[in-house]
Each structure stands twice: as structure tokens, then as C-alpha cells.
Amino acid sequence: METTKRKLRVTGTAVFDGDLAQKGYALNKMCFSFNDAANRQAFAADEAGYCQRYGLNAEQYAAVRERNVLGLLAAGGNVYYLAKFAGILGLDVQDLGALQTGMSKEAFKQMLLEAGK
Amino acid sequence: MAKIVGGITTSHVPAIGRAIAQNLQQDPYWKPFFDGFPPVQKWLDEVKPDVAIVIYNDHGLNFFLDKLPTFAVGAAAQYHNADEGWGIPTLPPFAGDAELSWQLINGLVADEFDITTCQEMLVDHAFSLPMKLLWPEQDRCPVRTIPVCINTVQYPLPSAARCYKLGEAIARAVASWPDDLKVVIIGTGGLSHQLDGERAGFINKAFDLQFMDSLTAAPKWATQYSNEELVEQTGTQGVELLMWLTTRGALPGEVVELHRNYHIPISNTAAGLMLFECR
């Protein structure tokens, strides 16, 4: 059952509601652990083992392995926690924007500039 | 009697921390953003508030989905900033004002805002960076602080109308405090931006400007919108304008806009800054 009565109808936009929060709990919990530098190092040293310790499901683990941002969101990832995973990979939010929109980073940054005109 | 002297609303973006650490304030990319702040710094220097009540949203530093309060109020003698996972420098601790915190907590609960109280509370970039922007010269923030955290991570979020009322309740709690204190309200977040999904990069300048105008002309204008409508208009993280509405709700009496800045983009965000004075 959907926990919210009204889902967003905007293309390419989801609100992180009870359904996603339940679905993504393990993935988000792992990303939350990346606040700690020792945990970031432990992940880098053994990604598969680290994901397993946090109980990621197959969809979540595949999205982590493939660095698939839209896949991570679809698997219940919340962008505030995923940003910590992106930090490990050395990606900023414009890299993430480019990856999600299928644009080059330069084109994505240009789009942001255009929004100011 | 404690008095709310004014309000400041500003965007918060982790990249600001990196820009400060690398002294990029006059870099062409950053200059239009940082140049917005000196008038506000000057006002703070003249008014010299004793306490800042800082309305912000945590991004997964202090709170996780295991226990996620809708509204949380700090009640500590000190608040620590900490590693958020992406390598921006950690700022020194911020002094609290536990006495006024408990006044606020008692007042809010009496006013039917059943907030969560936090005697330990890490404060993330949404709290720490605006303080550094407002008091850039001091190693340590010179005012005592009270963090008020609003959930924007997991829906349902409190509505815009509810956040405005929280601000009004904060104002009532401060006004009933007998000590002579000058209090400034600082709200951080927004304006329009979206980090996630195929619509990442969404910015809505027209809505942002209308919203900024409304805070003087018709402060409750944005409370007509549901959070889903605000996401449509401002992006998934643009909904952080709830902090601005809470701040505006907390400003009593006649309110005058003294300064504003608006610049697109910093990082993925339309950056806004406003200074209001209570007359």
C-alpha cells in the first residue's frame, strides 16, 4: 500500500516517502556510515563485504557496483545519504546531475547558468 | 525582556565550505555570491545580537532514518560540527544557550509543538556554513546559538503553513523570556534546486523572486502550497524554503527588508540571501 495519498506527477522527480524510506533503509544506513572516515576506508578496501554487512539487496548492490545514480534512487537511496557515497567516489553534485540527466558535466553546468538569465 | 531584532535567510551548500577553505571569495564564480554578505555582516556588527536561533535542516549528520524528528531543538552548552563524508573542513564548536533553549522548548510544547529535545546534537554544513558567512573574521562564532532542525529528508515534511506557525511560536517563547537579550533568527536552505532524479538541475528563478518579494509584501503567501507543490515549483531540495518561512514567522511586528542578494548558480543551487529588521 502506498503510504502517501498523493504521489508527485513531475517527471524525473520523486519524494522520499515512507515507501522509499522502507525500501532503501539498508542502502541509506550504509551511506550514513560514510560520515566516518574509517568506514569510508573499510568500504574502499572491500566493497562487496561492506555492502553485505549492511544487508544490501541485489538491486541496491548492483546499483552501488555500477555507480548507477538513478538506480540507487530507484532502490530507495536518499540523495542526502547518497551524497556521502558520491564523496568517496570524488563526485560532486554537478557530476551527479550530469550522470542523472545524461548530459556532459559541461552541458549540465551550462544549463545551470542559463537558468540564471 | 528578550527581543527578536531581525532575521537573516541564506542558502547553504557544502561547496561554500570548500570555497571558504580555499579563499575563493573573489574568484569570478564565487564573487557574486560572497559579495552579497558584507551588508549583513555590517548590520550584525552594529546590532550585536546575543543569541542566534538557527533554523536549518540536517543532511544526515546528526539524524538518520532510525529516529527522525520532524522538529528538533538543541538544548546543549555547545554544538559540534563534524565530518559529513565529503572532506570540507570541520568548523570549531558553537556555543549554546541552554537556558534560553529550555525556555524555547517549554514555550513550544506549551504551544502544542511537540518537538524533540537534543542535549547532544551535531550540526552540519546547513548550520555551520551560514555562521561562517555571517561572521567570517572570527575563528569562533561570537553569538550563542540554538539549533532548530526541521526534517526535509523523509516525507511527510511539516507543511509550509505549519512551519510558519512554528516561527510564530518561537517568537512568543522568546518574547516571554525576562532576560534582556537580543535574538536574531537565521534560516538556512533553498532557494530552488534539485539534486536528484532526471530533473536534476531544475531551478525556478521566477518563483524564487516572487517568494522573496512575498516575505515582505504578504509573508504567508507560500503557505498556500503543499510540499508536493513546492517541490514542483522549486525542486526536491528547493522545499528547504520552509526554513525561510519559519524564520519569517518568527519576526514580530513591523518587518523591513534591509538587504537581499540572489545569484544563480552556486553548485546546483539558486542562492538567496535576505536581511530583515524588526522595527
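Reminder, nothing fancy here: chain letters follow the sequence lines and each chain counts from 1. Heavy-atom basis, side chains included; hydrogens, waters and symmetry copies ignored.
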Heavy-atom contact with chain B under 4.5 Å, split by part of Ala86(A): neither

For chain B, the option from Ala83(A), Gly12(A), Gly116(A) that forms the most heavy-atom pairs under 4.5 Å: Gly12(A)

Ala200(B) to Gly97(A) - nearest heavy-atom pair and separation: CB-CA, 4.1 Å

Any Phe202(B) side-chain heavy atom under 4.5 Å of Thr13(A) side chain: no

Residue Asp66(B) versus chain A: region with a heavy atom under 4.5 Å: both

Side chain, backbone, both or neither of Tyr29(B) within contact of chain A (heavy atoms, under 4.5 Å): side chain

Toward chain A, the part of Asn57(B) with a non-hydrogen atom under 4.5 Å: side chain

Student check: side-chain heavy atoms of Val79(A) and Thr236(B) closer than 4.5 Å: no

Thr152(B) portion near chain A, given a 4.5 angstrom heavy-atom threshold: both

Heavy-atom side-chain proximity of Tyr155(B) to Leu20(A) below 4.5 angstrom: no

Interface moiety of Leu112(A) toward chain B, non-hydrogen atoms closer than 4.5 Å: both

Under 3.5 Å donor-acceptor, Gln94(A) side chain and Ser267(B) backbone: yes

Top of Leu73(A), Asn39(A), Leu99(A) for chain B proximity - count of heavy-atom pairs under 4.5 angstrom: Leu73(A)

Between CG on residue Asn35(A) and CG on residue Asp124(B), distance to nearest 0.5 Å: 9.0 Å

Within 6.0 Å of NZ in Lys165(B), more than 12 heavy atoms from elsewhere: no

Selection from Leu157(B), Ile203(B), Leu195(B), Val13(B) maximising heavy-atom pairs under 4.5 Å formed with chain A: Leu195(B)

Any Gln154(B) side-chain heavy atom under 4.5 Å of Asn78(A) side chain: no

Which atoms of Lys29(A) approach chain B - backbone, side chain, both or neither, heavy atom under 4.5 Å: both

Inter-residue atom distance Met111(A).CE - Asn268(B).CG, 0.5 Å rounding: 8.0 Å

Engaged part of Leu113(A) at the chain B interface, taking heavy atoms whose separation is under 4.5 Å: both

Electrostatic pair Arg40(A):Asp83(B) at N-O distance under 4.0 angstrom: yes

Greater than 12 external heavy atoms within 6.0 Å of Glu120(B)'s CD: no

Atom CD of Gln52(A): over 12 foreign heavy atoms under 6.0 Å: no

Which atoms of Ala74(A) approach chain B - backbone, side chain, both or neither, heavy atom under 4.5 Å: neither

Rounded distance [0.5 Å steps], CZ in Phe64(B) versus OH in Tyr80(A): 15.0 Å

Closest-packed option against chain A by number of heavy-atom pairs under 4.5 Å, given Val239(B), Leu68(B), Asn204(B), Leu65(B): Leu65(B)

Atom NZ of Lys105(A): over 12 foreign heavy atoms under 6.0 Å: yes

Tyr25(A), part contacting chain B, at a heavy-atom distance under 4.5 Å: both

Residue, of Phe34(A), Phe108(A), Phe16(A), that accumulates the most heavy atom pairs under 4.5 Å with chain B: Phe16(A)

